[in-house]
Every structure is written in structure tokens, then in C-alpha cells.
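Values in this document were obtained by computation on a predicted structure and should not be read as measured data.
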Amino acid sequence: MITKTTLATLLCTLLPLSCHAQAHDDTLQKIKAGTPIKVGYRAASVPFSMREGSAPPTGYTLDLCARIIDSVRKELAMPDLAVAYVEVKSSDRIQKLTDGEIDIECGSTTNTRERAAQVTFSNTIFVTSSRILARVDSPVRDIATLKGQRVAIAQGASVAPLLSGIDRERALGIQYVRVKDFKEGFDALESGRAAAFVSDDIQFAEFLARSSHPQDYAVVGEALSVDPLGIMMRKQDVRLHAIANRTLASLAASGEFDKVYARWFLSSKMKFPMGDAMKKLLKAPNNTPNY
């Protein structure tokens, strides 16, 4: 006679992905059972998600996630719902989400088809493009002039496989300087360890706004890609995903979304107006990946 335990073990052996999904209950169920919601954040993804010292994490995406969590509190009638913050990196954010170390990722993650096959994204919260930031004293002016150059690239960045593909196709022989995050990429550029840094244009705008010598750098060449950013959740979190999208739609309809955007991207130090693509997405939201 086959017991339920034996059957469950057999199913886990034959269908490990199914067993993995069952290992992590619906996040709202866990919250109702007294578990805090675990928020993944990036330590140096300015201005989306960052943390200084012992201060709480802050940033544009975290502001939006705070609104979503408020909606969860109301939905579950749990005004005292606790939040636990867990630092993630570009290289481990998806793994930590699927393993249950975090329940919602509030960083600066591009929605790609490969990632969307593993996790669920909220509707797009920002549109950026991948560009080249170069030192003005380097010969780098576009993709072609990356030939033989030392180029900083963050581990796990969505543009990394795209750049590698261009590198192979054009036989550029790029010398990669692997960095863990945006800060380390800018450090590589400032120190001269890299002649260029390939990443998001909004990160470059933030860096140049804070730099004491912005004249030493230039964003060059055409965009390598146009990237929709979203908030990540697990595939089985259908209810959390619905709450997230309802919250974002409500923020857009009330004008609160524009205020959150202005707080982080239209400051006295940085001017990065909302582009037409994002304005259209607020009127007709979707979570379509770019490639």
C-alpha cells in the first residue's frame, strides 16, 4: 500500500519543480500565520534601492513596495504586519526569491523573458536603457570602440548576455571587469581599472549628479537595449501579484505615482523626467518583457 508520504516523496523525485513550488506556501498564507513579509532590497542601486549604515533601506522601488505592503495589510486586516528586509545582489536575487528567502524583490530588476519564466513581475514601474558610460580620456565612443577595452559589467545584469553576444559577433575582444554592483562599477571607472561601464542610463544620471567631476565622463553611443523594470514575486503568489498591480494602478490614477517618481528622479541634484514610454504604460499598464 502506497502511503501519502511515500507518494509525496515519489512526486518530488519525478517532479522536483512541483515539489519546490509546494515547499513555499502562498505568501499571504504565511503572513496570516504570523510570518513577516520579507522584502529584498539592493544596497547600492541608487535611487531605486539603497541603504546607508544601519538606516532602513530606502528608494523609489521601496516606496512603491511600501504602498503594496500597505494594501496587503488592508486586504488581510493586519495593520501590524511586520516587514523584514533582506539584502540581495544582482547575482542572487532570483535564487533568494525562489528559495523563499524573500517574498518580494524591490530593487532595479529588468523584466526579461528568461527571468519571467522563473518569476512573476509586477506591471512595469520604470523604463530605462542600457548605455555606455566612458571616461572622456578613453577612446570609447560607441560599441565599435569597445574593441580590446576594459569594460565594467555587473554580475547578473540583464545587459551582460547582450553585450557578450555583441562582443562575440563583432570579435571585439572586450576585457571584462566583473563588479558586484553599480557602486563598484563606478569605482572601477573612477580608478581607471575600466575605460567604460555598461549599465542603465538612470544609474549614470545619478552618478554624474553626485560626482565632483562629471566633466570627466560621457554617456556615449546608441542604447544597447530599452528595458522595462518591475517588482519580482514568486510564480505561485497570484494574490500578491494581483494586489501589487491593483496598488500600482491606483497610484497612477490618483497622481500619487507621479509624486513618488518626482521625489526620486526630479530632485535639485538630478533631473530625469519621465519618458513617453513610461507615461503610456501608466495609462495602459502591462508586464511585457523586452527580450
Side-chain angles (χ1 to χ4, degrees), residues 27 31 35-70 72-73 81-110 115 119 121-122 125-126 128 133 152-158 178-191 197 199-212 227 229-234 240 244 247-248 251 257 259-270 272:
T27 293
I31 289 172
T35 302
I37 187 166
K38 293 170 287 187
V39 175
Y41 73 92
R42 300 282 294 280
S45 187
V46 183
F48 297 91
S49 175
M50 60 269 190
R51 187 173 199 172
E52 293 187 8
S54 59
T58 187
Y60 170 73
T61 313
L62 284 161
D63 267 7
L64 296 176
C65 281
R67 280 18 178 231
I68 293 168
I69 293 169
D70 281 343
V72 172
R73 289 189 174 102
L81 170 62
V83 177
Y85 292 101
V86 179
E87 183 179 348
V88 300
K89 300 179 179 64
S90 58
S91 56
D92 67 11
R93 52 193 164 182
I94 291 179
Q95 190 67 50
K96 285 190 173 183
L97 182 64
T98 57
D99 284 352
E101 290 186 51
I102 62 173
D103 300 314
I104 184 168
E105 193 265 344
C106 306
S108 55
T109 302
T110 302
R115 289 171 178 166
V119 300
F121 281 86
S122 71
I125 62 167
F126 195 86
T128 186
L133 181 68
I153 191 81
Q155 298 177 31
S158 60
R178 306 290 179 179
V179 298
K180 66 179 182 181
D181 54 29
F182 297 110
K183 183 181 183 304
E184 197 171 284
F186 295 135
D187 288 345
L189 201 58
E190 285 188 302
S191 66
F197 180 26
S199 190
D200 300 338
D201 57 358
I202 180 59
Q203 299 294 340
F204 295 159
E206 175 68 22
F207 167 73
L208 294 173
R210 291 185 292 108
S211 175
S212 58
D227 308 311
L229 273 58
I231 296 166
M232 287 197 299
M233 290 154 275
R234 283 185 289 276
L240 180 59
T247 303
L248 294 174
L251 293 174
F257 198 108
K259 293 178 183 179
V260 174
Y261 184 96
R263 177 187 177 193
W264 295 103
F265 301 107
L266 299 175
S267 66
S268 58
K269 291 185 177 180
M270 185 176 72
F272 199 90

(message) Do P36 and V83 make a side-chain contact, defined as non-hydrogen atoms from C-beta onward lying under 4.5 Å apart?
(response) no

Across all chains, not counting sequence neighbours, the side chain to side chain donor-acceptor pair (under 3.5 Å) partners of R93 are T109

Taken to the nearest 0.5 Å, the spacing of T110 OG1 from D200 CG works out to 5.5 Å

For a quick test of your reading: what N or O donor-acceptor pairs under 3.5 Å do the side chains of residues 57-66 make, sequence neighbours left out?
unit_1 : atom_1 : unit_2 : atom_2 : d
Y60    : OH     : I125   : O      : 2.6
T61    : OG1    : G107   : O      : 2.7
D63    : OD1    : R263   : NH1    : 3.4
D63    : OD2    : R263   : NH1    : 2.7
D63    : OD2    : W264   : NE1    : 2.9

Is a donor on one side and an acceptor on the other found under 3.5 Å between the side chain of Q203 and the backbone of V46? yes

CD1 (I104) and CD1 (I37) are apart, to the nearest 0.5 Å, by 5.5 Å

With sequence neighbours left out, the residues meeting side chain to side chain contact (heavy atoms under 4.5 Å, CB included) with D187 are K183, E190

Applying salt bridge (charged side-chain N to carboxylate O under 4.0 Å, His left out) to R178 and not counting sequence neighbours gives none

d(I102 CD1, L97 CG) to nearest 0.5 Å is 5.0 Å

Residues passing the side chain to side chain donor-acceptor pair (under 3.5 Å) test with R210, sequence neighbours excluded, are E206

* Going by the angle between their ring planes, with limits at 30° and 60°, are F207 and F186 parallel, tilted or perpendicular? -> parallel

Taken in chain and number order and not counting sequence neighbours, the residues that satisfy side chain to side chain contact (heavy atoms under 4.5 Å, CB included) with S199 are F182, F197, F204

Run the side-chain donor-acceptor check on residues 84-92: report pairs under 3.5 Å with partners two or more places apart or on a different chain.
unit_1 : atom_1 : unit_2 : atom_2 : d
S90    : OG     : Q155   : O      : 2.1
D92    : OD1    : K89    : N      : 2.7

Contacts of T35 meeting side chain to side chain contact (heavy atoms under 4.5 Å, CB included) (sequence neighbours excluded), chain-then-number -> K30

Rounded to the nearest 0.5 Å, the OG atom of S158 sits from the CG atom of D227 at a distance of 5.0 Å

Nearest heavy-atom approach of A244 to M233 is CB-CE, 4.0 Å

message: I'd like to know if the side chain of T98 reaches the main chain of I94, judged simply by a donor and an acceptor atom lying under 3.5 Å from each other, with no hydrogens or angles considered.
response: yes

For R51, the side chain to side chain donor-acceptor pair (under 3.5 Å) test, sequence neighbours excluded, returns Y41

F257 meets the ring-ring contact (aromatic ring centres under 6.0 Å, His included) criterion, sequence neighbours left out, with none

CD1 of I31 to CG of L240, rounded to nearest 0.5 Å, is 7.0 Å

Contacts of D103 meeting side chain to side chain donor-acceptor pair (under 3.5 Å) (sequence neighbours excluded), chain-then-number -> R234

Note to self: Test side-chain hydrogen bond (donor to acceptor under 3.5 Å, both in side chains) on D201 and T128; report intermediate values, then the result.
What the structure shows: CA-CA 6 Å; D201 57 358; T128 186; 2.4 Å; yes

Closest non-hydrogen contact found for A205 with F272 is CB-CD1, 3.8 Å

*asked:* Can a donor-acceptor pair be found, under 3.5 Å and without considering hydrogens, that links the side chain of S191 to the backbone of A188?
replied: yes

What verdict does the side chain to side chain contact (heavy atoms under 4.5 Å, CB included) test give for I153 and V179, after you've listed the backbone C-alpha separation in whole Å, the side-chain angles of each residue and the deciding distance to 0.1 Å?
CA-CA 6 Å; I153 191 81; V179 298; 6.0 Å; no

Rounding to 0.5 Å, atoms OG (S45) and CE (M50) come to a distance of 9.0 Å

Are any side-chain N or O atoms of K38 and backbone N or O atoms of G100, one a donor and one an acceptor, separated by less than 3.5 Å?
yes

Exercise. Let me see the working for F265 and I202 under side chain to side chain contact (heavy atoms under 4.5 Å, CB included), right down to the final yes or no.
Key: CA-CA 9 Å; F265 301 107; I202 180 59; 3.5 Å; yes

Donor-acceptor contact present, side-chain S267 to main-chain M270, <3.5 Å: yes

### Query
Would you call K96 and D99 a salt bridge, taking side-chain N to carboxylate O under 4.0 Å as the test?
no

